[in-house]
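Keep in mind it's a predicted model, so treat the numbers as computed, not measured.
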Amino acid sequence: MAMEQQLQFITQLGKQKPKTIANNSTACPFCAKESLENIIAQEGPLILLQNKYKTLENTFQTVLIETDKCEDELSMYSKEHIHRLFAFAIRHWMEMEESGVYRSVVLYKNHGPLSGGTISHPHMQIVGFENVDYKEKIKENTFSGITIFKDDAVSFTLSNHPIMGFYEFNVMIRDVEQVNKMADCVQAAVKFLLNDFQFKCESYNLFFYHMDSYIACKIMPRFVASPYFIGYMIPQVSNDIESVAEQIKSIYFS
């Protein structure tokens, strides 16, 4: 089968999706737990189910509801809950990978109006691509950069070769058993972006990558995208990433 380089979006289904980020009066579909269908797995408030709106051809789309509190957000989670969430999400992501059904499987999270999401209730998505390999365009140096925290289990950096540009945080583990440390570093990055960042930030994405010898999570603050990236795929890196790395070190790792 030929390798695809793009996904086919089903516009008619996309138009039917509920939008609670842009419209607060829209009922949240994830709060109506009694109406949820096609549940794959459940662990307390964590629910993995098939996405009702399959907007991408040749994929298997799932939604992971993170909490039963609609107004909650990842930076606010207790340590116990975020550890449980990351273990649950990564376990089911890996199971889809190991099934051998898909060319590749992605795990990601949208938060906020500029993140590309439509539902404000905290959730992640796990999507199996039948014909697309997401790693084809990922350069491993995008996970390197200024070290914020590093020990035998986890590496937390601010990228000096970002994918899209400016400030991209990376958290890497080589052993899935260290997922709790990954969760703690990701939460620190999100707390920093929402509360201590030099720019007002209301949106972010988490993107997970299963590379040959490690698992990575990239934390991207989302703003209006640079025209250099949109038009030419040229990222920009900020000239103050060392001072930003020192700032997050002093707040969360001193």
Side-chain angles (χ1 to χ4, degrees), residues 39-49 60 62-69 72-100 102 104-111 115 122-129 134-135 138 140 142-145 147-159 163 168-194 204-221 245 248-249 251-253:
I39 292 175
I40 298 167
Q42 185 167 1
E43 187 178 299
L46 307 175
I47 302 174
L48 180 69
L49 68 159
F60 181 67
T62 72
V63 173
L64 196 172
I65 300 172
E66 299 176 20
T67 172
D68 50 17
K69 298 174 183 176
D72 219 337
E73 190 275 320
L74 185 141
S75 70
M76 301 158 58
Y77 294 162
S78 68
K79 291 295 182 190
E80 178 185 9
H81 186 70
I82 196 168
H83 292 169
R84 189 180 189 184
L85 168 64
F86 270 57
F88 183 85
I90 289 176
R91 181 170 71 251
H92 287 284
W93 174 41
M94 295 293 181
E95 286 177 0
M96 279 184 64
E97 273 197 340
E98 291 166 2
S99 72
Y102 309 103
S104 65
V105 183
V106 295
L107 166 63
Y108 69 98
K109 173 181 173 63
N110 304 321
H111 172 81
S115 68
H123 66 285
M124 296 180 176
Q125 296 183 59
I126 306 174
V127 181
F129 298 148
Y134 74 86
K135 294 183 221 179
I138 300 300
E140 294 209 29
T142 191
F143 304 118
S144 66
T147 297
I148 296 168
F149 177 81
K150 184 177 177 63
D151 64 12
D152 292 340
V154 66
S155 174
F156 182 16
T157 64
L158 181 52
S159 185
I163 292 176
E168 295 178 6
F169 296 94
N170 311 296
V171 180
M172 291 158 287
I173 55 173
R174 296 193 179 275
D175 184 347
V176 73
E177 296 298 320
Q178 302 297 336
V179 66
N180 287 355
K181 288 202 169 186
M182 169 177 267
D184 290 341
C185 290
V186 171
Q187 187 175 48
V190 171
K191 282 183 179 179
F192 176 77
L193 291 174
L194 297 181
Y204 64 84
N205 292 109
L206 305 184
F207 298 108
F208 293 80
Y209 310 81
H210 190 187
M211 309 305 285
D212 288 339
S213 60
Y214 58 89
I215 296 169
C217 178
K218 186 173 281 286
I219 305 97
M220 285 192 184
I248 194 169
K249 274 188 209 177
I251 296 172
Y252 296 103
F253 298 96

Distance-minimising heavy-atom pair for Ala153 and Lys181:
CB-CD, 3.7 Å

Run the numbers on Val154 and Gln178 for side chain to side chain contact (heavy atoms under 4.5 Å, CB included), then give the verdict.
CA-CA 7 Å; Val154 66; Gln178 302 297 336; 6.0 Å; no

Could you tell me if the side chain of Glu73 sits less than 4.5 Å from the side chain of Val190, heavy atoms only?
yes

Check whether any side-chain N or O of Gln187 sits under 3.5 Å from a backbone N or O of Leu74 as a donor-acceptor pair, and report yes or no.
yes

Quick one: does any side-chain atom of Ser104 pair with a main-chain N or O of Tyr134 as donor and acceptor, under 3.5 Å?
yes

Contact between His111 and Pro122 at the side-chain level, heavy atoms closer than 4.5 Å - yes or no?
no

Parallel, tilted or perpendicular for Phe60 and Tyr102, by the 30°/60° rule?
parallel

Nearest 0.5 Å please: distance from the SG atom of Cys185 over to the NZ atom of Lys150.
11.0 Å

Answer whether the closest heavy-atom distance between the side chains of Arg84 and Pro45 falls below 4.5 Å.
yes

Do Lys191 and Ile251 come close enough that some side-chain heavy atom pair is under 4.5 Å?
no

Heavy-atom check, side chain of Asp184 versus side chain of His83, under 4.5 Å
yes

Closest non-hydrogen atoms of Lys135 and His210, given as atom of the first, atom of the second and distance, are NZ-O, 2.6 Å

Starting at OH of Tyr252, measure out to CD1 of Ile148 and round the result to the nearest 0.5 Å.
11.5 Å

Is any side-chain heavy atom of Arg91 closer than 4.5 Å to a side-chain heavy atom of Glu43?
yes

Distance col, row Cys217:SG vs Leu107:CG, nearest 0.5 angstrom, shows 8.0 Å

Applying side chain to side chain contact (heavy atoms under 4.5 Å, CB included) to Gln125 and Asn110, what does each step give before you reach the verdict?
CA-CA 9 Å; Gln125 296 183 59; Asn110 304 321; 3.7 Å; yes

Any side-chain to backbone donor/acceptor pair from Glu66 onto Leu85? Under 3.5 Å, distance only.
no

Describe, in one word, how the ring planes of Phe253 and Phe149 are oriented to each other, choosing from parallel (under 30°), tilted (30 to 60°) and perpendicular (over 60°).
parallel

Shortest non-hydrogen contact from Leu158 toward Ala245
CD2-N, 4.0 Å

With no hydrogens and no angle check, do the side chains of Ser78 and Glu80 hold a donor and an acceptor under 3.5 Å apart?
no

Just by distance, no angles: are the side chains of Tyr209 and Glu140 close enough, under 3.5 Å, to form a donor-acceptor pair?
no

To the nearest 0.5 Å, how far apart are NZ in Lys109 and CD1 in Ile219?
12.5 Å

Taking NZ in Lys79 as the centre, count heavy atoms belonging to other residues, nucleotides or ligands within less than 6.0 Å. Is the count above 12?
yes

Spatial distance of atom CG (Leu206) from atom CE (Met220) [nearest 0.5 Å]
10.5 Å

Take Leu46 and His81 through the side chain to side chain contact (heavy atoms under 4.5 Å, CB included) test and state the conclusion after the steps.
CA-CA 10 Å; Leu46 307 175; His81 186 70; 3.9 Å; yes

For Arg174 against Ser213, the heavy-atom pair lying closest together:
NH1-OG, 2.9 Å

Whether the Thr157 and Asn170 side chains hold a donor-acceptor pair (N or O, under 3.5 Å, no angle test) is what I'd like checked.
yes

Does Lys218 use its side chain to pair, donor to acceptor, with the backbone of Thr142 at less than 3.5 Å?
yes

Do Met124 and Trp93 pass the side chain to side chain contact (heavy atoms under 4.5 Å, CB included) test, and can you show the C-alpha distance, the side-chain angles, and the key distance before you say yes or no?
CA-CA 11 Å; Met124 296 180 176; Trp93 174 41; over 6 Å; no

Would you give the length of the straight line joining atom CD1 of Ile65 to atom NE2 of His123, rounded to the nearest 0.5 angstrom?
9.0 Å

Does Asp152, at its CG atom, have more than 12 non-hydrogen atoms belonging to other residues, nucleotides or ligands within less than 6.0 Å?
no

Can you find a heavy atom in the side chain of Tyr214 that is under 4.5 Å from one in the side chain of Ser155?
no

State, with a plain yes or no, whether a side-chain heavy atom of Phe143 is found less than 4.5 Å away from one of Ile138.
yes

Output field: ring centroids Tyr204/Phe192 closer than 6.0 Å
no

Can any side-chain N or O of Thr62 pair as donor or acceptor with the backbone N or O of Ile126 at less than 3.5 Å?
yes

Give a yes or no answer on whether the side chain of Asn205 reaches the backbone of Ser115 with a donor-acceptor pair at less than 3.5 Å.
yes

